[in-house]
Amino acid sequence: MANKSKMKCNSPTRSDRAGKKMMVKACSGGKEKLIHFGAKGYGHNYSAAARKSFKARHKCDTANDKLTARYWACKKLWGGKGKSTKSSPKGRKGKY
C-alpha cells in the first residue's frame, strides 16, 4: 500500500491497487487525497477518434478539480497528441 506522506503532490505514478493503472497524491486548496485512476489492461490515448470519444464522454473540458480521478485521467492518460503504442481493447478493434 502506498504511503501518502512520502509521495510528491500532483505527480502520478504506477498504482499498487489491483485493476488500476495510475495513482497520484492530489493536492489542492490545502487538501490532500490519494487517487487511483485508469483501468489496467486497457490501452489509452491510442487514436484520435478514441481520444475524442473519451473526452466527450467524460466531459474533459470541464474537469478542473485536481481531487478527482476524472481530472487525472483526462490530463495524464488521454491528454496530448497520443503517445501510447498499446492497442485498443479487443472489443474495440476496428471502431477506433
Side-chain angles (χ1 to χ4, degrees):
M1 180 137 184
N3 187 350
K4 188 167 76 167
S5 62
K6 293 183 180 180
M7 294 176 70
K8 287 172 50 175
C9 279
N10 302 326
S11 181
T13 59
R14 286 183 181 250
S15 179
D16 58 359
R17 183 174 289 174
K20 293 297 178 182
K21 192 178 285 188
M22 306 287 291
M23 70 178 171
V24 64
K25 175 183 170 183
C27 303
S28 177
K31 293 182 181 179
E32 292 180 355
K33 188 175 181 182
L34 188 60
I35 299 170
H36 296 264
F37 62 98
K40 195 173 267 186
Y42 282 84
H44 62 274
N45 213 349
Y46 45 82
S47 74
R51 208 165 33 256
K52 182 179 176 183
S53 180
F54 181 90
K55 288 181 177 186
R57 189 168 62 249
H58 292 89
K59 298 181 177 81
C60 286
D61 55 339
T62 63
N64 297 321
D65 185 6
K66 288 185 179 182
L67 300 177
T68 63
R70 178 173 69 122
Y71 172 87
W72 290 103
C74 289
K75 180 180 177 182
K76 178 70 178 166
L77 298 181
W78 293 92
K81 291 186 174 182
K83 302 168 205 146
S84 179
T85 57
K86 196 168 188 175
S87 63
S88 62
K90 287 184 175 108
R92 297 289 184 200
K93 292 257 189 233
K95 185 172 182 180
Y96 298 109

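Because the structure is a prediction, the values reported are computed rather than measured. Quick note: residue numbers are just sequence positions, from 1.
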Requested in this report: Could you tell me whether K52 atom NZ has more than 12 heavy atoms of other residues or ligands within 6.0 Å of it?
Outcome: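 No.
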**Report entry** H36 versus A69, closest heavy-atom pair with distance
**Finding:** O-CB, 4.2 Å
Report summary line: Between K33 and L67, the two heavy atoms sitting closest are NZ-O, 3.5 Å
Report task. Starting at CE of M7, measure out to SG of C27 and round the result to the nearest 0.5 Å. Result -> 9.0 Å
Query - Interatomic spacing from CG in D61 to SG in C74 - rounded to 0.5 Å - result: 8.5 Å
Query raised in the report: For the side chain of T68 and the backbone of D65, is there at least one donor-acceptor N/O pair under 3.5 Å apart?
Result: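 Yes; judged by distance alone, with no hydrogens or angles, the pair exists.
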Requested in this report: Kindly say whether K66 contributes a backbone atom to a donor-acceptor pair with the side chain of W72 at under 3.5 angstrom?
Outcome: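 At least one qualifying donor-acceptor pair exists.
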Query raised in the report: With distance as the sole criterion, is a donor-acceptor pair present between the side chains of H44 and K21 under 3.5 Å?
Result: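 The answer is yes; a qualifying pair exists.
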Query - Flag for S53-R57: side-chain donor and acceptor within less than 3.5 Å - result: yes
Query raised in the report: Testing R70, K20, K75, M22 for side-chain contact (heavy atoms from CB on, under 4.5 Å) with F37, which one passes?
Result: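 Testing each of R70, K20, K75, M22 against F37, the sole residue satisfying side-chain contact (heavy atoms from CB on, under 4.5 Å) is M22.
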Requested in this report: Only one of L34, I35, T13 passes side-chain contact (heavy atoms from CB on, under 4.5 Å) with V24; say which it is.
Outcome: I35
Report task. Report the relative orientation of the aromatic rings in W78 and F54; use parallel for angles under 30°, tilted for 30 to 60°, perpendicular for over 60°. Result ->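 Parallel.
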Query - Pair K25-E32, side-chain contact (heavy atoms from CB on, under 4.5 Å): steps then yes or no - result: CA-CA 7 Å; K25 175 183 170 183; E32 292 180 355; 3.4 Å; yes
